[in-house]
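A short worksheet on the structure shown next.
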Amino acid sequence: MDEYQKKDNFHEHMFEVMVQNAPVSMYILEDWTYSYVNQHFCKLVGYTKEEMLQQNITTDKLIHPDDLSIMQESVKRRIENQETEARYRLRVFKKDGSMIHVEIHASKTVMNGKAVTFGTIFDVTDEVHATLELEENRGRIKSMFDNNPDAVFTFDMEGQFTDVNQGGAELSGHTLEELLEISFTPLIVPEDLPIALHYFEEALKGNTNQYEISITRKDGQRRDLEVTCFPMNFEGITVGAFGIAKDITDRNLHKQLLEDLVFYDSLTKLPNRKLFEDRLNQVFKNTDIRKNQPVVLFLDLDRFKFINDSLGHHIGDEFLKIVATRLSENIRHTDTVGRFAGDEFAVLLPNSDRTEAVALAKRLNETLAQPYEVEGHSLSVSASIGIAFSTGSGETVDGLIKKADTAMYYTKQYGKNNYTIYSEELDQETAYKLTLEQDLKSAVKNQEFTLHYQPIIDLKTGNINAMEALIRWNHPELGLIPPDQFIPISEESGQIVSIGKWVLETACAQNKKWQQEGYPPFRICVNISTIQLQHPNFVQTLKAVLEDKELESKWLELEVTESILLEDTQTLKESLINLKTLGVSMSIDDFGTGYTSLSYLRNFSFDRVKIDRSFIQDIAAGLNGKAITSTIISLANKLKMGVVAEGIEDSTQLTYLTQENCDDGQGYYFSRPLPAEMHILSKFPENIIQSIQGKASPESEKSVKK
């Protein structure tokens with residue numbers, strides 16, 4: 001063998017070694033049958049070389065049926081000289097049945113006059129799977145982008161829309177095409193544009209942010225958005241920003257409604273007590289109260305209950321709305337006016353002095369007293385106001401409001417349509433009243449009450465026509481407490497009902513006892529409060545008392561104050577009518593001091609009027625009380641009503657009243673209120689009889705006063 005042949009053999013052997021050990025699959029295909037494969041090919045498909053060549057493993061056994069046509073078409077084109085090289089991908093079954101993805105690089109040649117295909121095969125299964133997964137992810141992302149109900153969008157570096165989904169179009173009211181022609185800035189409401197620009201710049205710096213802004217839709221509607229904005233990067237470089245916008249308009253409206261329910265009065269839309277207290281607390285936290293003095297004004301409307309009861313709650317509600325408006329119009333924008341409950345309001349002045357606070361109170365008194373027109377009704381009320389100034393660092397929210405409330409209560413009791421500045425003395429008075437209220441609960445049970453009786457004298461005969469029963473409270477620790485101190489408290493607490501029943505029972509029993517002892521019968525007069533008259537069982541209770549004490553109804557007279565007739569309620573009217581039907585006589589006490597309409601005298605057929613003592617005291621001084629007294633007597637006579645003069649203290653008053661044809665008199669001139677056992681009912685002293693008959697001497701009058 002010559003040298004050249006040796007070299008050829010060597011090169012052929014080395015070529016075979018190289019092909020068989022190449023890291024790529026190689027093959028030769030003749031008539032759809034593999035005539036040559038290398039080791040890498042065998043390893044790829046799982047067959048041995050002998051199996052591939054000797055068993056004539058054909059392409060249709062390896063290639064997926066759906067992909068076989070791809071290979072066949074490629075081979076056909078090469079055979080027909082349409083192409084000499086090809087590159088395509090197929091699915092191939094391995095011997096174990098598993099499937100892989102391959103990429104074939106095929107070429108054509110002619111050997112011994114026959115077309116032969118040869119080429120290389122690469123396993124691209126991982127690449128295909130990765131590509132499929134990527135496509136799936138892209139599909140999911142696109143689906144999320146396209147079908148997201150929220151607005152999803154991208155901006156370039158200038159804020160121009162580069163992509164936007166249908167949610168963005170629906171939210172903005174613009175079409176997709178219109179949005180891709182503009183930037184986001186024209187959509188933002190002017191007051192929120194600085195916020196949007198700030199966070200857009202933050203996104204371009206690589207920061208993600210979430211914030212709230214509002215936009216104006218194409219149709220002009222305003223919508224509130226919650227926006228998340230984050231950077232859009234490509235190969236490590238920021239090229240714009242992504243954004244997601246959620247429509248939170250309805251959520252904000254719901255939130256506002258909840259806040260309104262929690263912090264605002266539903267009727268007047270003013271801050272309620274909770275919000276008022278919170279603002280006062282903020283003032284305490286954020287204000288140097290050594291330099292600035294917070295002030296609270298507490299207001300309660302006078303006679304609002306009358307409006308509510310007589311005209312109905314609808315009118316009352318409309319009236320309160322107007323009151324709220326008037327209050328709001330008279331404060332500064334830094335102040336707070338709130339409604340606490342019913343007809344109670346409060347005003348917070350974060351920083352004020354005594355002069356400013358008092359000036360505001362006066363202004364509010366004047367403003368609220370102006371007439372109101374509500375659905376055809378002309379109404380008027382006044383307001384009782386309490387003012388409390390913060391005392392320093394130890395002040396609390398509850399404490400300051402309570403002080404203002406205490407001062408208001410004092411105004412309500414002793415002034416109305418006025419204001420009171422809180423002082424410690426008022427707190428002491430409040431503590432005293434709380435003690436009385438607490439102890440009243442057991443006063444009847446502990447037999448601490450007693451009745452004193454003051455005679456009402458016939459000014460023509462000197463006989464006793466009636467006895468007024470006057471309650472006294474002998475407190476075990478505080479001593480004798482005047483009725484004007486504990487009766488108002490009993491009315492406010494509702495205890496007047498049980499106390500009033502005790503008075504009726506005791507007075508009726510005492511009158512029956514006097515009758516049984518043989519004294520000439522006379523009326524027993526008992527004062528009745530509004531609370532008792534408005535109690536649904538009052539008439540039945542009274543009837544039961546009369547039956548139990550065996551006292552005829554004609555010997556009982558109920559006295560009502562002129563002022564309670566202003567409480568024009570249906571229950572009150574029915575009670576007065578039913579009492580008259582029962583046979584009980586009725587009188588109006590303190591007549592002339594209130595605002596009683598003559599229609600009350602006609603509608604309820606009162607038996608008597610009692611002239612208030614203030615007019616009787618003016619008789620000797622020649623003041624207007626003399627004329628008023630004469631007018632009341634004349635009016636009562638014309639209406640066929642009896643007249644009783646209260647507070648007679650001297651013969652001058654008695655003489656005038658007798659001359660004016662006054663029926664009865666009552667006062668210290670005859671007798672001060674005394675316990676039942678101290679009264680001498682058979683006959684009054686001779687000097688009193690002489691005074692009535694106009695024969696009393698100055699000396700006898702002095703003895704009467706003593």
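Side chains are part of it too, since the values below use all heavy atoms of this structure and drop only hydrogens, waters and symmetry mates.
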Geometric cation-pi criterion R472 and F486, 6.0 Å radius, 45° cone: no
Side-chain contact, heavy-atom cut-off 4.5 Å: F345 with D300? no
Shortest non-hydrogen contact from N417 to A369? OD1-CB, 4.4 Å
L299 vs V347 side-chain heavy atoms within contact, under 4.5 Å: yes
Please check if the number of heavy atoms outside E677 that lie under 6.0 Å from its CD is greater than 12. yes
Does any non-hydrogen side-chain atom of I464 lie less than 4.5 Å from one of I456? no
Could you tell me whether the side chain of R326 reaches within less than 4.5 Å of the side chain of Y372, counting heavy atoms only? yes
Going by heavy atoms in the side chains, are Y669 and L654 under 4.5 Å from each other? yes
Result for side-chain contact (heavy atoms from CB on, under 4.5 Å) between Y453 and one of Q510, E468, M678 points to Q510
For atom NZ of K512, decide whether the heavy atoms of other residues, nucleotides or ligands shown that lie under 6.0 angstrom number more than 12. yes
Salt bridge (charged side-chain N to carboxylate O under 4.0 Å, His left out) evaluation trace for R608 with E557: CA-CA 10 Å; R608 266 163 290 281; E557 181 164 296; 2.4 Å; yes
Between S630 and E660, what is the shortest heavy-atom contact and its length? OG-OE1, 2.9 Å
Test of ring centre spacing under 6.0 Å for F298 and F340: yes
Table please: side-chain donor-acceptor pairs of residues 311-319 below 3.5 Å, with sequence neighbours left out.
{"unit_1": "H313", "atom_1": "ND1", "unit_2": "N308", "atom_2": "ND2", "d": "3.2"}
{"unit_1": "H314", "atom_1": "NE2", "unit_2": "E375", "atom_2": "OE1", "d": "3.3"}
{"unit_1": "H314", "atom_1": "NE2", "unit_2": "E375", "atom_2": "OE2", "d": "2.7"}
{"unit_1": "E318", "atom_1": "OE2", "unit_2": "K321", "atom_2": "NZ", "d": "3.3"}

Do you know which two heavy atoms are closest between Y419 and K362, and how far apart they sit? OH-CE, 3.6 Å
Taking all non-hydrogen atoms of both residues into account, name the closest pair between N511 and L551 and its distance. ND2-CD1, 4.0 Å
List the steps, then state whether side-chain contact (heavy atoms from CB on, under 4.5 Å) holds for T506 with I471. CA-CA 10 Å; T506 306; I471 190 170; over 6 Å; no
Walk me through whether R339 and E344 qualify under salt bridge (charged side-chain N to carboxylate O under 4.0 Å, His left out). CA-CA 6 Å; R339 182 189 179 208; E344 292 182 346; over 6 Å; no
Does E424, at its CD atom, have more than 12 non-hydrogen atoms belonging to other residues, nucleotides or ligands within less than 6.0 Å? no
Determine all donor-acceptor pairs shorter than 3.5 Å in which one atom belongs to a side chain in residues 494-502; sequence neighbours excluded.
{"unit_1": "Q495", "atom_1": "OE1", "unit_2": "K441", "atom_2": "N", "d": "2.9"}
{"unit_1": "Q495", "atom_1": "NE2", "unit_2": "E437", "atom_2": "O", "d": "3.2"}
{"unit_1": "Q495", "atom_1": "NE2", "unit_2": "S493", "atom_2": "OG", "d": "3.0"}
{"unit_1": "S498", "atom_1": "OG", "unit_2": "Q495", "atom_2": "O", "d": "3.0"}

Over-ring placement of R273 relative to F276, 6.0 Å and 45° cut-offs: no
pair K412-D302: side-chain heavy atoms closer than 4.5 Å: yes
Taking C-beta and beyond as the side chain, do N465 and I457 meet within less than 4.5 Å on heavy atoms? no
Tell me, yes or no, whether the heavy-atom count around E517 atom CD, taken from other residues, nucleotides or ligands under 6.0 Å, exceeds 12. yes
For residues A383 and L368, report the shortest heavy-atom separation together with the two atoms involved. CB-CD1, 3.6 Å
Is the shortest heavy-atom distance from the side chain of V296 to the side chain of D405 under 4.5 Å? no
Taking all atoms of both residues into account, what is the closest heavy-atom pair of S384 and M408, and its distance? O-CG, 3.3 Å
Near Q540 CD, under 6.0 Å, is it more than 12 heavy atoms from other residues, nucleotides or ligands? yes
